[in-house]
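Written out below as structure tokens is the structure these notes cover.
Throughout, numbering of the chain's residues begins at 1 and tracks the sequence. The model shown is predicted, which means the values in this text are computed figures rather than measured ones.
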Amino acid sequence: MIIDTLSNHPEQLEVVSTMIHTEFVQKKKGTAPYEKVKAFLDKKPSEPYPVTFVALDDVTCIGTVSLFENDLNERPAYTPWLASLFVEKVYRNQGIAQQLINQLIVYAKSRQITTIYLKTENASAYYKKLGWTLVETIETTELPIHIFSYTIDEG
């Protein structure tokens with residue numbers, strides 16, 4: 001398995017766009033059309049965000065994670081965000097998500113980013129285990145949204 005940027009594997013754009021649209025738009029009853037998700041992920045080299053990483057098992061994309069400038073409009077001060085972490089069900093519990101996160105952190109560090117944020121409704125224990133710190137919880141009519149931060153070591 002290798003982890004690399006989506007921009008180095010443009011043939012995976014549709015697969016990743018479908019993963020993200022299904023998991024983070026449709027399942028959360030969002031309204032963003034697939035084409036908007038695809039266009040957002042199709043980053044131009046001159047744009048700093050988003051940066052998307054893919055986990056490839058040979059030529060099959062089995063997971064993804066992105067670094068977004070903002071993933072919660074109500075919290076513009078928090079930036080950037082780990083977003084859209086997803087691993088195909090049959091590949092879960094093999095450390096792939098953690099490898100994707102680690103690669104994103106390496107990238108962020110290379111860009112002198114010192115803090116990354118994320119939001120989750122259902123994976124708080126996982127992120128705490130990885131060393132993320134709960135910043136705040138936003139109560140909603142659905143599940144509460146937990147916002148975490150991760151401080152990147154300078155060493």
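- Side-chain contact, Tyr78 with Glu136: a donor N or O sits under 3.5 Å from an acceptor N or O.
- A side-chain donor from one of Thr5 and Asn8 sits under 3.5 Å from a side-chain acceptor of the other.
- Rounding to the nearest 0.5 Å places CD1 of Ile116 at 6.5 Å from CG of Leu82.
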Query raised in the report: side-chain contact (heavy atoms from CB on, under 4.5 Å) between Thr140 and Ile145: does it pass, once the steps are laid out?
Result: CA-CA 7 Å; Thr140 70; Ile145 298 171; 3.8 Å; yes
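- Between the Asn70 side chain and the Leu72 main chain, a donor and an acceptor come within less than 3.5 Å of each other.
- Using a cutoff of 4.0 Å between basic side-chain nitrogens and carboxylate oxygens, Glu142 and Lys28 are not scored as salt-bridged.
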Report task. Test side-chain contact (heavy atoms from CB on, under 4.5 Å) on Lys43 and Thr52 and set out the steps. Result -> CA-CA 9 Å; Lys43 180 179 104 64; Thr52 300; over 6 Å; no
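- Between Tyr127 and Tyr150, the gap from one ring centroid to the other reaches at least 6.0 Å.
- Trp132 is not listed as a side-chain neighbour of Lys128, based on a closest heavy-atom distance of 4.5 Å or more.
- Using a 4.5 Å cut-off between side-chain heavy atoms of Ile, Leu, Val, Met, Phe, Trp and Tyr, with links allowed through other members, Leu41 and Phe53 fall into different hydrophobic clusters.
- Across all their heavy atoms, Ala32 and Val25 have their closest contact at O-CG1, 3.3 Å.
- Counted within 6.0 Å of CD on Glu14, heavy atoms from surrounding residues, nucleotides or ligands total 12 or fewer; the atom is thus considered open.
- A 6.0 Å sphere centred on CG of Asn93 holds no more than 12 heavy atoms belonging to other residues, nucleotides or ligands.
- The backbone N or O of Val59 lies less than 3.5 Å from a partner atom in the side chain of Gln12, making a donor-acceptor pair.
- In this structure, CZ in Phe24 is found 10.5 Å from CE in Met19, a value given to the nearest 0.5 Å.
- When hydrophobic clusters are built by joining Ile, Leu, Val, Met, Phe, Trp and Tyr residues whose side-chain heavy atoms come closer than 4.5 Å, directly or via intermediates, Leu85 is grouped together with Tyr91.
- Atom CD1 of residue Ile105 and atom CG of residue Asp153 lie 9.5 Å apart, to the nearest 0.5 angstrom.
- Both Ile113 and Leu130 sit in one connected hydrophobic cluster of ILVMFWY residues. Membership requires side-chain heavy atoms under 4.5 Å apart, directly or through other members.
- By the 6.0 Å contact criterion, CD on Glu47 is enclosed, its count of non-hydrogen atoms from other residues, nucleotides or ligands being greater than 12.
- Closest of all the heavy-atom pairs between His21 and Pro33 is NE2-C, 3.6 Å.
- Put simply, Leu104 and Val106 are part of two different groups of oily side chains (I, L, V, M, F, W, Y) that touch within less than 4.5 Å, one to the next.
- The hydrophobic cluster containing Val87 does not contain Leu56, counting ILVMFWY residues as joined when their side-chain heavy atoms lie under 4.5 angstrom apart, directly or transitively.
- For Ser66 (side chain) and Phe68 (main-chain N/O), no donor-acceptor pair under 3.5 Å exists by modelled atom type.
- Summarising the geometry, atom CD belonging to Glu23 is positioned 12.0 Å from atom OG1 belonging to Thr64; distances are rounded to the nearest 0.5 Å.
- Atom CD1 of Ile20 sits about 12.5 Å away from atom CD of Gln26, to the nearest 0.5 Å.
- Between the side chains of His146 and Thr120, no donor-acceptor pair of N or O atoms lies under 3.5 Å.
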Requested in this report: Go through the steps to decide whether Phe40 and Glu35 satisfy the test side-chain contact (heavy atoms from CB on, under 4.5 Å), and finish with yes or no.
Outcome: CA-CA 8 Å; Phe40 178 74; Glu35 289 302 326; over 6 Å; no
Query - Residue pair Leu100, Gln103: steps toward the side-chain contact (heavy atoms from CB on, under 4.5 Å) verdict - result: CA-CA 5 Å; Leu100 283 160; Gln103 192 61 47; 5.9 Å; no
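- Here CH2 of Trp81 is found 12.5 Å from OH of Tyr49. Values are rounded to the nearest 0.5 Å.
- In plain terms, the two heavy atoms of Pro48 and Tyr107 that are nearest each other are O-OH, 4.4 Å.
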